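Accompanying notes for the structure given below.
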2 protein chains.
Amino acid sequence: MATGDSKTTASSAPPGRPDSSSTDSSAAQESRHDAGAALWTKLTEYMDRRGLRLTGQRRAILTTIINAPEHSTLDELLETVRKTDKHIGYATVYRTMKMLTEAGVVEERKFGDGYTRYEISDESHHHDHLICQRCGHITEFEEPLIEELQDRVAQRHGFKVTSHRHELYGMCRKCCESTAE
Amino acid sequence: MATGDSKTTASSAPPGRPDSSSTDSSAAQESRHDAGAALWTKLTEYMDRRGLRLTGQRRAILTTIINAPEHSTLDELLETVRKTDKHIGYATVYRTMKMLTEAGVVEERKFGDGYTRYEISDESHHHDHLICQRCGHITEFEEPLIEELQDRVAQRHGFKVTSHRHELYGMCRKCCESTAE
DNA sequence: GTGATTGCAAAACTTTTGCATACGA
DNA sequence: TCGTATGCAAAAGTTTTGCAATCAC
């Protein structure tokens with residue numbers, strides 16, 4: 001029930017795949033968050049402020065997220081973190097992710113396949129997503145002009161934006177090529 | 001369980017509210033789909049092709065959707081359609097919405113509050129959404145330049161787009177004003 | 001008449017929560 | 001020690017499905 005049969009999964013982004021030659025920045029996926037230190041600082045500050053405790057499980061979970069592929073589901077994270085800490089429970093991962101989200105360390109994403117996915121929060125690099133509906137691969141993209149236009153739209157409506165999501169669904173390059181044959 | 005306590009609901013768009021004076025087209029919300037006839041044609045063609053049957057319930061449900069506010073949830077649609085047909089079941093509405101989606105008559109939308117919402121499919125007017133997290137009001141917007149940029153992004157990635165979602169979350173004009181006081 | 005459709009209730013699934021136990025500071 | 005955190009299992013809450021009875025064509 002918990003661990004098992006997720007349908008589509010973000011593959012673990014092999015370095016140097018064809019995609020990475022494209023114009024846009026998807027650098028974040030290659031280097032696995034060397035900003036780790038900053039995240040720990042952010043987290044401990046958040047926890048100190050509230051009298052929360054840094055347990056072994058929480059340490060293991062944050063470490064896992066930092067090293068795991070972006071857009072992992074709870075099940076995937078649980079499976080991974082259990083390689084470190086055999087007896088960690090689903091609820092613990094769940095609650096920790098909630099806390100990390102609250103702390104601003106990670107962000108929840110819902111791509112409509114029924115699962116909540118998580119990614120490290122990087123406020124300096126807002127990005128959006130291309131989601132392949134065939135292989136499940138998720139690519140990130142940044143397009144400042146879109147963000148600008150989007151802000152203008154909001155302004156026209158007197159709307160104050162606090163967050164947004166922009167997702168393109170379809171078929172990634174690899175799948176297009178393998179289908180074309 | 002079924003009908004009851006949805007948290008945020010698209011209010012039924014009173015005509016001539018302040019919003020409608022804004023620049024962007026949100027005309028679709030005012031006039032309740034006079035394209036109804038075209039929808040019926042589309043649906044019956046779809047059904048004929050597959051030997052599906054036009055039952056009283058299905059008629060009632062499509063009529064309901066055409067007249068209901070956009071972005072209604074299943075619960076809301078069920079409640080409304082029951083005013084016409086007292087004994088209609090949740091599953092019937094559910095399955096009919098699935099069929100209508102498949103037929104291209106309606107589109108499913110998920111705005112992250114846990115409910116699936118439905119809107120009439122209007123291929124000539126792609127639009128995206130501004131979602132107020134305070135009052136739940138949903139406004140539509142169109143911005144061709146964004147669509148264009150978005151296509152360009154996809155092209156750069158060799159990605160073939162079949163659908164997209166672009167949603168801005170925050171506070172609508174009304175709520176901004178009532179909060180500012 | 002025959003196969004599609006309906007409605008009810010139960011199942012499936014992910015997400016949340018209650019509670020007794022264990023543990024960090 | 002004291003209150004937070006954990007883990008298990010059960011609860012929630014929405015979406016799906018099984019099945020016998022009905023109904024459209």
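A, B, ... follow the sequence lines: proteins, then strands. Residue 1 opens every chain. Note that this is a predicted model, so its numbers are computed, not measured.
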Specify the angle, to 10°, made by the local axes at the two ends of the helix from C/dG1-D/dC25 to C/dA25-D/dT1 when five pairs are taken at each end. 30°

Atom-pair distance (CZ on A/Arg82; C1' on D/dC8), nearest Å: 11 Å

Atom pair distance, as rounded to whole Å: CG in A/Leu78 and P in C/dT16: 16 Å

Given D/dT6, C/dT16, C/dT6, identify the nucleotide with an atom nearest to the side chain of A/Tyr94. C/dT16

If you compare every side-chain N and O of B/Tyr90 against the phosphate oxygens of C/dA9 (OP1, OP2), does one of them come in below 4.0 Å? no

Which residues share a side-chain contact (heavy atoms from CB on, under 4.5 Å) with A/Leu145, sequence neighbours left out: A/Glu143, B/Leu149

Among the candidates C/dT16, C/dT14, D/dT17, find the nucleotide nearest to the side-chain atoms of B/Ala91. D/dT17

Quick one: does B/Thr64's side chain have a donor or acceptor within less than 3.5 Å of a partner on B/Ala60's backbone? yes

Is B/His127 reaching over with its side chain to a backbone N or O of B/His125, donor-acceptor style, under 3.5 angstrom? yes

Among all residues two or more places apart in sequence or in another chain, which pass the side-chain contact (heavy atoms from CB on, under 4.5 Å) test with A/Ser163? B/Tyr169

Comparing A/Gly56 with B/Ile61, nearest DNA chain C nucleotide closer to 5' gives the residue B/Ile61

Please check the phosphate of D/dA5 (OP1 and OP2 only) for any side-chain N or O of A/Thr96 closer than 4.0 Å. no

Note: A/Arg165-A/Glu107 ion pair, threshold 4.0 Å (strictly below): no

Which one, D/dT14, C/dC19, C/dT14, comes nearest to the side chain of A/Arg95? C/dC19

Please enumerate all residues that pass side-chain contact (heavy atoms from CB on, under 4.5 Å) together with A/Glu147, with sequence neighbours excluded. A/His126, A/Asp128, A/Gln150, A/His164

Any salt bridge between A/Glu102 and A/Lys98, counting N to O under 4.0 Å? no

Using atom CZ of A/Arg58 as one end and atom C1' of C/dA25 as the other, report the distance to the nearest whole Å. 13 Å

Using atom CE of A/Met99 as one end and atom P of C/dT16 as the other, report the distance to the nearest whole Å. 16 Å

Is there a side-chain contact between A/Thr55 and the phosphate of D/dT6, meaning an N or O under 4.0 Å from OP1 or OP2? yes

Tell me every residue that passes ring pair (Phe, Tyr, Trp, His ring centres under 6.0 Å) with A/Tyr118, counting only those two or more places apart in sequence or in another chain. none

In whole angstrom, give the distance that lies between atom CG of B/Asp113 and atom P of D/dT14. 10 Å

Under a 4.0 Å N-O cut-off, is there an ion pair linking B/Lys110 with B/Glu108? no

Rounded off to whole Å, could you give me the CE-to-C1' distance for the B/Met97 and C/dT6 pair? 17 Å

Below the 4.0 Å mark, does D/dT15 have OP1 or OP2 next to a side-chain nitrogen or oxygen of B/Thr116? yes

d(NZ, B/Lys98; P, C/dA4) in whole Å: 21 Å

Tell me: OH of B/Tyr115 to P of D/dG13, nearest whole Å? 9 Å

Contact check, residues 47-54 of chain B vs DNA chain D, heavy-atom distance under 4.0 Å, returns B/Arg53, B/Leu54

Report yes if a side-chain nitrogen or oxygen of A/Gln57 is closer than 4.0 Å to either non-bridging phosphate oxygen (OP1 or OP2) of C/dG24; otherwise report no. no

Measure the CZ-CG distance between A/Arg117 and A/Leu77 for me, rounded to the nearest 0.5 Å. 10.5 Å

